[in-house]
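In each ligand, atom 1 is the first atom listed, and ligand 1 is the first ligand listed.
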Amino acid sequence: MQTQICEINGQSLKMAKHILESEGAVAFPTETVYGLGGDARSDAAVAKIYEIKGRPSDNPLIVHVHKDYDITQLIYDEQTYAAALRKAFLPGPLTLVYNSKGRVSSKVSCGLNTLAIRVPSHVGAQRFLRYVDMPIAAPSANISKHISPVSAQHVYEDLQGRIELILDGGRCSGGIESTVCDVTGEYPVVLRAGLISVEMIASVVGRCEIYIPRGGEQVRSPGMKYKHYAPHCKTRLFDASELPLAVSEFERLSAEGGKIYVLCSEDIKNKFPADRVLNLGKTEHEMAANLYELLHEGEKCAETIIAILPKKKDGVMAGVINRLSKACADK
Ligand code: TXA
Ligand code: MG
C-alpha cells in the first residue's frame, strides 16, 4: 500500500472521508500529537486501528469530535463540573471520560462502560472532524510503544505501507498527549497528566485528584500499565539531583567511543560539559513541545540518550516528566 502525505484541502478531505466510509484509517494532526482515526461506530474500523498499531486490545481509544458535536448522543448525564471543564478548556488538550451510552463500537472502550471524548483545538483537526461528520476513534499515530508522532513525517516513518493517507497539519504545537480526566465521579480525577494540569482543573472546579492505582485494583486507565513512548536507541535516566552521576556516565560512555547525547532542560545544559545536547528548552510549554521531536531526532543520531529529568515536577511538567520517564527508563 502506498502512503500519501497531503495538505488538508478539499481534495484530501474527500479522500479521507472515502477511506473512513470504507472502514479504513486516516492519520490526522491535532495540537498534541498526530492521531490514527477510524469511524468509532464501526467494529471493523476500530479493529483495524489496533492491528495497524500493534496495540494491545485492552487499551481503550479516545473518540474525537468537532466543537459543535452534541456529545449527549454518546454519553449519559454530564455532571455540572464536567460541563464547566468543557467550557473552560475545550476545544483543547483535555480528554474527558464519561459514562457511555454504548453508541460506538464496544471495541473503542474495550468493554468498559465509559467513553473518553476529546475535542481538539487544531484548526486542521476541526476541519477534518467537521468534514467527515462522524465520531473518530483515534490513538496516537505511531507503532505501539514507540514515540508519539508530532509531525506528518514521524507518522510516515512508523506507518508507511500500513495506511493510505496522512493529513499534514504541520508540527504539533502542544507536543505531549492530552490530559485524560475521569468525570464520572463526584470530582475530577486525572488518569494521565498533560497540558491541562491538575492545578488548572482544580482552579476551575475547586477539586481535582490524581489517580494512583492501588495494589490489586484493576487499573482505571489501561494505557498506564504499558511501556510507552520509547525511542529505538539505548537510554539512561537520571534525576536533576543526580547530575554528577549523569556527567560521569556521559564521560564513561563517550570515552568508550559511543555517540552519546544528553537530553535536558536549558538550565541543566549550561552545567553539563557535553557538546552533543538535545535541548528541551526553558519553559514548561517549550519542554512539552520539544520532547517527542527531540526523542525522534535523538534515536536517529545517538547510540545512547542520557536523559535528565527537569527540576520542576508540577503543573505541565507532571506530564513531561511522566512521558520522559516512560520513554527513557533505563534499558
Ligand atoms: O492527545 C491525545 O490524547 C492523542 C491525540 C491523537 O488525540 N491521543 C492519544 O491516544 O494519546 P492514545 O490511544 O495514545 O491514549 C489514550 C489514553 C490511554 O492511556 C487510554 O488508556 C486512555 O486514554 N483511555 C481511553 N479511553 C478510556 C476510558 N474509557 N477510561 C479510561 N482511560 C481511557
Ligand atoms: Mg499513544
*Asks:* Looking at Arg118, which atoms of ligand 1 are within less than 4.0 Å of one of its heavy atoms?
*Replies:* 1 (O), 2 (C), 3 (O), 5 (C), 7 (O)
*Asks:* Which of the atoms in ligand 1, numbered in the order shown and given with their element, are less than 4.0 Å from a heavy-atom of Leu191?
*Replies:* 31 (C), 32 (N)
*Asks:* Does this structure show an ion pair linking Arg252 with Glu249, if we count only N-O contacts that are shorter than 4.0 Å?
*Replies:* yes
*Asks:* Any idea which atoms of ligand 1 are less than 4.0 Å away from a heavy-atom of Leu61?
*Replies:* 25 (C), 26 (N)
*Asks:* With distance as the sole criterion, is a donor-acceptor pair present between the side chains of Arg118 and Thr30 under 3.5 Å?
*Replies:* yes
*Asks:* With a cut-off of 4.0 Å, which atoms of ligand 1 are near a heavy atom of Val180?
*Replies:* 23 (O)
*Asks:* Any N or O on Tyr34 sitting closer than 3.5 Å to an N or O of ligand 1?
*Replies:* no
*Asks:* Can you tell whether the side chains of Glu186 and Arg207 come within less than 4.0 Å, N to carboxylate O?
*Replies:* no
*Asks:* Does an N or O anywhere in Glu177 fall below 3.5 Å from an N or O of ligand 1?
*Replies:* no
*Asks:* State, to 0.1 Å, how close Leu237 and Glu242 come at their nearest heavy-atom pair, and which atoms those are.
*Replies:* O-OE1, 4.5 Å
*Asks:* Relative to atom 7 (O) of ligand 1, which among Arg55, His64, His122 owns the nearest non-hydrogen atom?
*Replies:* His64
*Asks:* With atoms numbered from 1 as shown, which atoms in ligand 1 lie under 4.0 angstrom from a non-hydrogen atom of Gly35?
*Replies:* 6 (C)
*Asks:* What I want to know is whether Asn59 and ligand 1 share at least one N or O pair that is separated by under 3.5 angstrom.
*Replies:* yes
*Asks:* I'd like to know if the side chain of Glu157 pairs up with that of His146 as donor and acceptor (distance under 3.5 Å, no hydrogens or angles considered).
*Replies:* no
*Asks:* Can you list the atoms of ligand 1 that are under 4.0 Å from a heavy atom of Thr114?
*Replies:* 28 (C), 29 (N), 30 (N)
*Asks:* Between Lys48 and Ile52, is there a side-chain heavy-atom distance shorter than 4.5 Å?
*Replies:* yes
*Asks:* Consider only side-chain N and O atoms of Arg276 and Ser254, and report whether a donor and an acceptor are under 3.5 Å apart.
*Replies:* no
*Asks:* Under 3.5 Å, is there a donor on one side chain and an acceptor on the other for Glu177 and Ser140?
*Replies:* no
*Asks:* Between ligand 1 and Lys53, is the shortest N or O to N or O distance under 3.5 Å?
*Replies:* no
*Asks:* Using a cut-off of 2.8 Å, count how many protein N, O or S atoms are strictly closer to the Mg ion (ligand 2).
*Replies:* 1
*Asks:* Considering only heavy atoms of Ala116, which atoms of ligand 1 have at least one such atom less than 4.0 Å away?
*Replies:* 25 (C), 26 (N), 27 (C)
*Asks:* Do Phe28 and His64 come close enough that some side-chain heavy atom pair is under 4.5 Å?
*Replies:* yes
*Asks:* When you look at NZ of Lys313, are more than 12 heavy atoms from neighbouring residues, nucleotides or ligands closer to it than 6.0 Å?
*Replies:* yes
